[in-house]
2 protein chains.
Amino acid sequence: MATTARRGPYFCGIDAAMDVVAGKWKPLILWELRHYGTRRFAELRRGLPGVSEKMLIQHLREMEEDGLVHREVYREVPPKVEYSLTEHGISLDAALTSLGEWGTDRMRRIGAEKVSVDVAGPVR
Amino acid sequence: MATTARRGPYFCGIDAAMDVVAGKWKPLILWELRHYGTRRFAELRRGLPGVSEKMLIQHLREMEEDGLVHREVYREVPPKVEYSLTEHGISLDAALTSLGEWGTDRMRRIGAEKVSVDVAGPVR
DNA sequence: AGAGGCACTTACCCGGAAGTGAGTACCTCA
DNA sequence: TGAGGTACTCACTTCCGGGTAAGTGCCTCT
């Protein structure tokens, strides 16, 4: 499969955690799911401006495999799939908050631009 | 140059922090420097089994550029360069501890192997 | 004299992560 | 009727992080 291991061996815990969040969109997916509780595929796609469908699916599948997200399929007429965080996903998100704060500080320090993630308008 | 931006724009703080620790050896370098306070190039090389000199230098240069490590050159007869963490490097390392704990938990959960970082033996 | 340590630099190559774009089966709404 | 939404899959390409290997200038040890 396209699923590349993510099973170590690792040097330390940070390694093991980084392996699981490595991927351009994974922290954002975590943030979205944490923020909204549960989201559908198309909602996530709209929430992550610039993500390709292929990448989004691939990341979601890997995160499901890693036990971070839960995937609930509703066999309805317009197909409906809901994604949410598992217990492990929630604790990972919590473990990331201090890193997030450090990053926010850094953005302020270097005066980095922030991508606007507003619900409405297309970016650029 | 080989230095690839690392200046955003970012979606959020986690992005900004991940950008700076992205790189196979950066968390380990952080750990080494944090643990020993100050380390020479060859000491780091020996401490990170499997790292190539090119990668080690490249990572150190980027981390210096990002204000995480301090590079002190002693113009002596056998050249001597000492690396240490800056204030920002120390705070980043601190922000990573909770993530490290999460990763350690995960390693226990999935029963991942741990690379032995003993001074002596070559690993496999 | 030659081996070896120190702190690098340079050139080249490879694999995998990520992007692009199209196709699918079914349904709803204007 | 056809445009668009839903949740995908598949094939192809590009890019770049990381590995390999060699060279450099200077010194010390045997």
Side-chain angles (χ1 to χ4, degrees), chain A residues 1-7 11 15 18-29 32 38-66 69-84 123-124, chain B residues 1-7 11 15 18-29 32 38-66 69-84 115 122-124:
Chain A
M1 289 280 127
T3 46
T4 41
R6 295 188 312 292
R7 250 116 230 303
F11 289 91
D15 251 44
M18 293 286 286
D19 200 15
V20 143
V21 275
K24 192 169 174 183
W25 307 95
K26 288 192 184 174
L28 282 315
I29 293 174
E32 275 274 321
T38 170
R39 294 234 98 182
R40 303 183 55 179
F41 183 81
E43 289 174 335
L44 281 171
R45 180 164 27 96
R46 282 189 293 265
L48 311 184
V51 74
S52 67
E53 303 197 335
K54 173 196 146 193
M55 273 296 107
L56 182 53
I57 287 235
Q58 191 174 307
H59 283 168
L60 285 170
R61 288 282 147 85
E62 289 178 9
M63 291 168 80
E64 187 189 359
E65 199 178 315
D66 290 334
V69 316
H70 173 72
R71 183 164 174 273
E72 185 83 33
V73 182
Y74 297 86
R75 294 201 58 74
E76 295 176 356
V77 180
K80 178 176 162 184
V81 182
E82 282 188 346
Y83 294 91
S84 56
V123 184
R124 110 180 66 200
Chain B
M1 290 284 122
T3 47
T4 40
R6 295 189 311 292
R7 249 118 231 305
F11 289 92
D15 250 44
M18 294 286 286
D19 200 14
V20 143
V21 276
K24 191 169 173 182
W25 306 95
K26 288 191 184 175
L28 282 314
I29 293 173
E32 275 275 320
T38 169
R39 293 235 97 182
R40 302 183 55 179
F41 183 80
E43 289 174 335
L44 281 172
R45 179 161 32 92
R46 282 189 295 265
L48 311 184
V51 75
S52 67
E53 302 197 335
K54 172 197 149 192
M55 272 296 107
L56 182 53
I57 287 237
Q58 191 175 306
H59 283 168
L60 285 169
R61 288 282 147 85
E62 289 178 8
M63 290 168 80
E64 187 190 357
E65 199 178 313
D66 291 333
V69 318
H70 173 70
R71 184 165 175 273
E72 185 83 33
V73 182
Y74 297 87
R75 293 201 58 72
E76 293 176 1
V77 179
K80 178 176 162 185
V81 183
E82 283 189 346
Y83 295 91
S84 56
V115 170
V123 183
R124 137 177 28 216

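Just so we're on the same page: letters track the sequence lines, and every chain starts at 1.
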Comparing B:Lys80 and A:Trp25 on DNA chain C - which has the more 5′ nearest nucleotide: B:Lys80
Under 4.0 angstrom between A:Arg46 side-chain N/O and D:dT6 OP1 or OP2: yes
Between C1' of D:dG17 and CE of A:Met18, the distance in whole Å: 14 Å
A:Gln58 CD - C:dG19 P separation (whole Å): 10 Å
Pairwise side-chain contact, B:Met55 with B:Lys24, heavy-atom cut-off 4.5 Å (strictly under): no
Separation of C:dT24 P from A:Ile57 CD1 (nearest whole Å): 17 Å
Distance test, side-chain N/O of A:Arg45 to OP1/OP2 of D:dC8, below 4.0 Å: no
Polar pair under 3.5 Å, donor/acceptor by atom type, side chain A:Lys54, base C:dG19: yes
A:Arg39 side, atom CZ; A:Arg45 side, atom CZ - distance, nearest 0.5 Å: 12.0 Å
B:Arg39 side chain near C:dA7 phosphate (N/O to OP1/OP2, under 4.0 Å): no
Short side-chain N/O contact to D:dG5 OP1/OP2 from A:Arg40, under 4.0 Å: no
Whole angstrom value for the distance that separates P of C:dA7 from CD of B:Glu72: 14 Å
Phosphate-side-chain proximity, B:His59 and D:dG18, N/O vs OP1/OP2 below 4.0 Å: yes
Touch class at under 4.0 angstrom, heavy-atom based, for B:Pro78 against every strand present: nothing
Separation of atom OH in A:Tyr74 from atom C1' in D:dG5, rounded to whole Å: 19 Å
Distance in Å, B:Trp25 CH2 paired with B:Glu32 CD, rounded so as to fall on 0.5 Å steps: 11.0 Å
Closest to side chain of B:Lys24, choosing from D:dC8, C:dC8, D:dG18: D:dG18
Whole-Å gap separating P (D:dG18) and CD (B:Glu53): 17 Å
Between C:dT9 (C1') and B:Leu60 (CG): distance, integer Å: 15 Å
D:dG17 OP1/OP2 closer than 4.0 Å to side-chain N/O of B:Arg6: no
Pairwise side-chain contact, B:Arg71 with B:Val73, heavy-atom cut-off 4.5 Å (strictly under): yes
From CG (A:Leu44) to CD (A:Glu82), nearest 0.5 Å: 10.5 Å
Of the listed nucleotides C:dC8, C:dC6, D:dG19, the one nearest the side chain of B:Met55: D:dG19
Point-to-point distance, once rounded to the nearest 0.5 Å, from CD1 of A:Ile29 to CG of A:Leu60: 4.5 Å
Residue closer to the 5' end of DNA chain C, A:Pro79 versus A:Val51 (nearest nucleotide): A:Val51
Sugar-phosphate, base or nothing in reach of A:Tyr83, heavy atoms under 4.0 Å: sugar-phosphate
Protein-nucleotide distance (A:Leu56, atom CG; C:dG19, atom P), rounded to Å: 11 Å
